[in-house]
Amino acid sequence: MPELPEVETVRRGLMPILEGATILSANINRSDLRYPFPEKLCQRISHRQIIAVKRRAKYLLIELTGDLTLVSHLGMSGAWRIEEAALDRRYFSRAPLAVHDHFSLIVQADSKKQHKVIYNDPRRFGMILLIHTDQVSTHPLFAKLGIEPLSDELSGDFLIREFHNRHKSLKAALLDQTIIAGLGNIYVCEALWRSFLSPFRQAARFAEELQQQPKIAGNLALNIRNVLSEAIKAGGSTLRDHKQVDGELGYFQHNFSVYGRENQPCPRCGTAVIRVKQSGRSTFFCKQCQNGNNQLSNQGKPS
DNA sequence: CGGCATACCTGCAAGC
DNA sequence: TGCTTGCAGGTATGCC
C-alpha cells in the first residue's frame, strides 16, 4: 500500500489511540520481518508511555518515554489496525490471530479503555525497529533521507538545485529517497502527469532549462505537494486490500489520472495511457501530454 | 554514478 | 477448473 499519504493516514488513525497511552504489553508472533525483531523488544517497550506518533518519509515513529522510538515501515504490504477493546482483558488472549499478524501492542489510554494495535504484513517487507529517539535523524535508515515533500523545503528552487547534477531520469530522481523522501511509484507518475513532464526527461538537463523558466519547477513542486495532500485527504489509496487502521478504505485510487490506467484515456486529452518499464518498475504516462524534449535515449523509452 | 537485475515474500489475477 | 506465470505500493545489494 504505502507511500507517504498512506503512512500519514495510518499515523492519523493511530494517533488518537496511542498518544498518551501506556503500553501494557507487546507480542511478537515470528522472529523477523525484513529484519529480525529487536532483542527483547517486548520487554523494552512494555510499561512505557507513548509520547507522540510521528512520521518521517514512509517511516512511522512511535515515540516512547525513556528516549526510545518504535520505528515501523510498512514495506509493500504492511498495515496497522486497531481492535476495539473489551473491558475484559481476557478478550485479547482469546481473540484469534489473523493470518500475517506479526506484532501487536496492548495499550491503555485511561483507567478503562484498552486497545489492541496490530501490525499485519503478508509479504514481510516491512520492519519494526527500536532506536533511541535522538538517533531518529542519524540512524543509517534516516541519515540519507531527503526533504519532506509537504514541508516548505520543497520548492522550485530546491528542485533546480538538486536536479542540476543528477544524471538520471525525472522518474528516478523523484523516486530517489535521498532527494525527496516519501514519494513512491504511484505519486511520482501522477505528479509528472500533472506537470506535463516526461518521466524520461533527464533531470540535469531539465534543471538547466528551468533556470530560464523557474515557473515550471515551481509548478512541479506544487503538483507534488497537491497530489500528496489530496491523497491524504482521501484517506490514501486502496490498492489490493489496504485499509485504514479502522478498516475504512482510502479512495484516492479513484482519482488516479495515469497510474494503473494502461490503455485507458488520458483525462486531459483522451490519448491512451501507456505503461513502460523504467528502472524495473512500471511507469504510466500520457505520450501526448508528457512529450517533453530531451528524453533519455535509453531503454524504457517508448518507441 | 546510473541503470538494471536480483532478492526479500506472499497473494492475486491473467492466461493457457 | 487448475496450473503456471507475472506482477505488485517498499528498500538493499551487487554487477556492468
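Residue numbers begin at 1 in each chain, while the letters A, B, ... track the order of the sequences.
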Let me know the distance between [atom1] of [X] and [atom2] of [N], rounded to the nearest Å.
| X | N | atom1 | atom2 | value |
| --- | --- | --- | --- | --- |
| A:Asn120 | B:dG11 | CG | C1' | 12 Å |
| A:Leu175 | C:dG9 | CG | P | 10 Å |
| A:Phe163 | B:dC1 | CZ | P | 17 Å |
| A:Lys277 | B:dG2 | NZ | P | 21 Å |
| A:Gln278 | B:dA5 | CD | C1' | 16 Å |
| A:Leu183 | C:dG9 | CG | P | 14 Å |
| A:Lys171 | B:dG2 | NZ | P | 16 Å |
| A:Glu3 | C:dT11 | CD | P | 9 Å |

Consider the side chain of [X], meaning its heavy atoms from C-beta on, and name the nucleotide among [options] that approaches it most closely.
| X | options | value |
| --- | --- | --- |
| A:Ser169 | C:dT11, B:dG11, B:dG3 | B:dG3 |
| A:Leu141 | C:dG9, C:dA12, B:dT10 | C:dA12 |
| A:Lys168 | B:dG3, C:dG9, B:dC8 | B:dG3 |
| A:Pro122 | B:dT10, B:dG2, C:dG10 | B:dT10 |
| A:Arg275 | C:dA8, C:dG10, C:dA12 | C:dA8 |
| A:Asn185 | B:dG11, B:dG3, C:dG9 | C:dG9 |

Have a look at A:Arg124 and say if it touches a base, only the backbone sugar-phosphate, or nothing, with a 4.0 Å heavy-atom cut-off.
sugar-phosphate
Under 4.0 angstrom, heavy atoms only, what part of the nucleic acid is A:Gly280 near: base, sugar-phosphate, or nothing?
nothing
Toward the 5' end of DNA chain C, by each residue's nearest nucleotide, A:Tyr35 or A:Ser282:
A:Ser282
Among A:Lys171, A:Lys277, A:Arg275, the one residue meeting side-chain hydrogen bond (donor to acceptor under 3.5 Å, both in side chains) with A:Thr283
A:Lys171
Under a 3.5 Å cut-off for both distances, is B:dC12 Watson-Crick or wobble paired, and to whom?
C:dG6
Is the distance from the ring center of A:Phe256 to that of A:Phe284 below 6.0 Å?
no
Strictly below 4.0 Å: does [X] bring a side-chain N or O up to OP1 or OP2 of [N]?
| X | N | answer |
| --- | --- | --- |
| A:Tyr259 | C:dG9 | yes |
| A:Arg123 | C:dG9 | no |
| A:His100 | B:dG11 | yes |

Give a yes-or-no answer on whether the side chains of A:Ser46 and A:Ser25 include a donor-acceptor pair shorter than 3.5 Å.
no
So, do A:Tyr59 and A:Leu141 sit near enough that their side-chain heavy atoms are less than 4.5 Å apart?
yes
Using the closest heavy atom to pick a nucleotide of DNA chain B for each, name whichever of A:Arg30 or A:Ser279 lands nearer the 5' end.
A:Ser279
Ring-plane angle category for A:Tyr119 and A:His102, please: parallel below 30°, perpendicular beyond 60°, tilted otherwise.
tilted
Rounded to whole angstrom, note down the P distance from C:dT1 over to B:dT10.
27 Å
Could you give the distance separating C:dG6 and B:dA5 at their C1' atoms, to the nearest angstrom?
16 Å
Can you check whether A:Phe125 stacks with the B:dC8 base, using ring centres under 5.5 Å and planes within 30°?
yes
Using the rule given for salt bridge (Lys or Arg N to Asp or Glu O under 4.0 Å), can you reason through A:Glu209 versus A:Arg205, listing the C-alpha separation, both sets of side-chain angles and the distance that settles it, and then say yes or no?
CA-CA 6 Å; A:Glu209 292 165 34; A:Arg205 262 178 286 171; over 6 Å; no
